[in-house]
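Following: one structure in structure tokens, then a few remarks.
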2 protein chains.
Amino acid sequence: MAFRKNDEPTPVYYQLQVEIKNKIESGEWKSGSMIPPERVFTEEYQVSVGTVKKALSNLVNDGYLLRKQGKGTFVTGTSLRREQLRYYRLFNHFHDESPKIDVKLIDIQPVKGDKQINRYLNLKPSQSLFCVKRVLLTATTPLIYTVSYLPQHLFKELDRLPRDLFEKELFYLILEENYAVSTVSNQELIGAIAADEDMARFLEVEVESPLVSIEMLSYTYKERPYEYRLSYCQTRTRKIFREY
Amino acid sequence: MAFRKNDEPTPVYYQLQVEIKNKIESGEWKSGSMIPPERVFTEEYQVSVGTVKKALSNLVNDGYLLRKQGKGTFVTGTSLRREQLRYYRLFNHFHDESPKIDVKLIDIQPVKGDKQINRYLNLKPSQSLFCVKRVLLTATTPLIYTVSYLPQHLFKELDRLPRDLFEKELFYLILEENYAVSTVSNQELIGAIAADEDMARFLEVEVESPLVSIEMLSYTYKERPYEYRLSYCQTRTRKIFREY
DNA sequence: GCTCATTTGTTCGTATGTATC
DNA sequence: TGATACATACGAACAAATGAG
């Protein structure tokens, strides 16, 4: 299909940009794979190199593509799209080093849908979820207790995956590799609460201790939410770092 | 001064980009003002339009410039650089509307330097600070109690500014307009603490209530810190919203 | 180690369109 | 209307990185 000049007001490079973006978001061009070289676009759409370059360069800025001289143009995966998609960065002071974080899986269970959670995830109230409980720790000090909810229909047999996978790999990488869900954005609501007995046990603090609570929604392409997560953080030794 | 081709490996557009960025960061080209048109750069540096366009376009992406067809190229101010430099966005639930926030100034006082704070602000231990205490509230509900520290030598006579200015304008705008300090980035350390008597009084909560505590460092150009702020947030009705 | 084809990166120069005043 | 300024698009040439043979 060809572009017609002086027909519609939207620039040619932008139309091409949208077409490519759609192929990525629809999954036709998968995360990590190489897309056709500039030359192919110029021939197929009968436009100049500069126009193709502009479209591709914009998609690099938007985080969809990576280009490497001599190699080609590649679809960005979650970890490449955001160098720092470490949900939790923990520091004692500004300018500290971020410590290594270990993950302990508590359990994964299929659960019934919850009215509020299903609404956040754009699901019907009846649809079922998986509930994943984990503890994040440095050395032997537990720092964060997280409870994630994911739709069962998107993550089939999530509870059949080997348990140690969850303790070795980052959660969003597991989802990307096994279910081709690429993380594009996150929203958080941050609050403070007093620890209940569950939290106190997992985080090894006293009941009623002040904790940071984080409600998180993770989105994939097309602004589709795929995970609702509750996190509880004890911040006596390490605080949560954000930069913007 | 002219660029020589094939002399140094760094691209011409990048050299030009750095030169322009320096003029902005040094204050030679002030926030909001128009910079020379493309034509002037092409003549002065003997490069083509495309090269100038690339340099300028990169600085637009980095948030330093704004370009408007038919008008010109302008240096971005803090509020333009980041459409959402609202330090605190408060929500009950995801997708809520952000409420209007009022500010009540408690006091501004000159104080002696503090070892740790002065280190964060890259000051000698002896240099004095201003301490600004404020309460942020919606309607009549106090939400956040903040204590800011700013170096006296940068913000001369800050305590002489009319008090009601602090209750009408955003803090970073006051600093930008009166002291030409443009906010480029922020770092935060988020933790949870139990309210002490001061916090409890200002936030109208009970002593020992869990609060979110935020340590914030604000930076201007050249990664120079200019404000250290401690915030205490009661999050029973409104939570702190973050998106990334 | 060298050469060659492929692919992206940089730069030039030109022409035309469009928004602003 | 005209002058100015940025936006879009074309096409060409050469540079630089990569990988295969």
Side-chain angles (χ1 to χ4, degrees), chain A residues 1-21 23-24 29 32-76 80, chain B residues 1-21 23-24 29 32-76 80:
Chain A
M1 90 124 88
F3 293 113
R4 291 146 299 169
K5 289 175 205 167
N6 301 328
D7 195 321
E8 9 191 280
T10 62
V12 178
Y13 76 83
Y14 185 75
Q15 298 176 39
L16 179 54
Q17 185 181 328
V18 169
E19 290 224 6
I20 295 171
K21 186 166 156 175
K23 298 219 184 185
I24 296 172
W29 289 342
S33 67
M34 182 175 154
I35 74 168
E38 294 172 350
R39 188 182 41 78
V40 175
F41 289 111
T42 64
E43 287 166 5
E44 185 162 352
Y45 295 97
Q46 290 298 307
V47 295
S48 76
V49 232
T51 303
V52 175
K53 272 186 184 306
K54 174 128 187 171
L56 295 175
S57 152
N58 283 347
L59 289 169
V60 169
N61 280 334
D62 293 350
Y64 285 89
L65 295 176
L66 275 180
R67 316 196 71 197
K68 200 89 184 96
Q69 189 174 160
K71 296 192 73 174
T73 303
F74 303 84
V75 179
T76 320
L80 296 172
Chain B
M1 107 126 75
F3 294 112
R4 290 144 300 172
K5 289 175 206 168
N6 302 328
D7 194 322
E8 8 191 281
T10 61
V12 178
Y13 74 83
Y14 186 74
Q15 299 175 38
L16 178 55
Q17 185 181 330
V18 169
E19 290 224 6
I20 296 171
K21 185 165 156 175
K23 298 220 184 189
I24 297 172
W29 288 343
S33 68
M34 182 176 156
I35 74 168
E38 294 172 349
R39 187 182 43 78
V40 174
F41 289 110
T42 63
E43 287 166 5
E44 184 164 354
Y45 295 99
Q46 290 297 308
V47 295
S48 76
V49 234
T51 304
V52 175
K53 269 188 182 308
K54 175 129 188 171
L56 295 175
S57 150
N58 283 348
L59 288 170
V60 169
N61 281 334
D62 292 351
Y64 285 89
L65 295 176
L66 275 181
R67 316 197 71 197
K68 201 82 184 112
Q69 189 174 166
K71 295 193 75 173
T73 304
F74 302 85
V75 179
T76 321
L80 297 172

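Each chain gets a letter, A, B and so on, in the order its sequence line appears, and its residues count up from 1.
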Taking CZ from A:F41 and P from D:dA9, how many angstroms apart are they, rounded to a whole number? 16 Å
Give the B/S/- string for nucleotides 4-10 of chain C, one per nucleotide from 5' to 3', where a protein heavy atom under 4.0 Å of the base yields B, of only the sugar-phosphate yields S, and otherwise -. ---BBBB
Determine: side-chain N/O of B:T51 to OP1/OP2 of C:dC12, distance under 4.0 Å, yes or no. yes
When you measure from the side chain of A:Q17 to the backbone N and O of A:L56, does any donor-acceptor pair fall under 3.5 Å? no
According to the salt bridge (charged side-chain N to carboxylate O under 4.0 Å, His left out) rule, which pairs have a member within residues 52-61 of chain A, sequence neighbours left out? A:E38-A:K53
Look at A:E43 together with A:R39 and state whether they make a salt bridge at an N to O cut-off of under 4.0 Å. yes
Apply side chain to side chain contact (heavy atoms under 4.5 Å, CB included) to A:S48 and list each qualifying residue two or more places apart in sequence or on a separate chain. A:T51
Do A:Y64 and A:V60 have side-chain heavy atoms sitting under 4.5 Å apart? no
Please name all residues satisfying side chain to side chain contact (heavy atoms under 4.5 Å, CB included) with B:K68, sequence neighbours left out, ordered by chain then number. B:K71
Tell me whether B:T42 contacts the main-chain N or O of B:V49 through its side chain, where contact means a donor paired with an acceptor under 3.5 Å. no
Taking only residues two or more places apart in sequence or in another chain, which ones pass side chain to side chain donor-acceptor pair (under 3.5 Å) with B:T73? B:R67
Extract from the structure each pairing of a protein N or O with an N or O of nucleotides 14-16 of chain C at less than 3.5 Å, listing the distance.
none

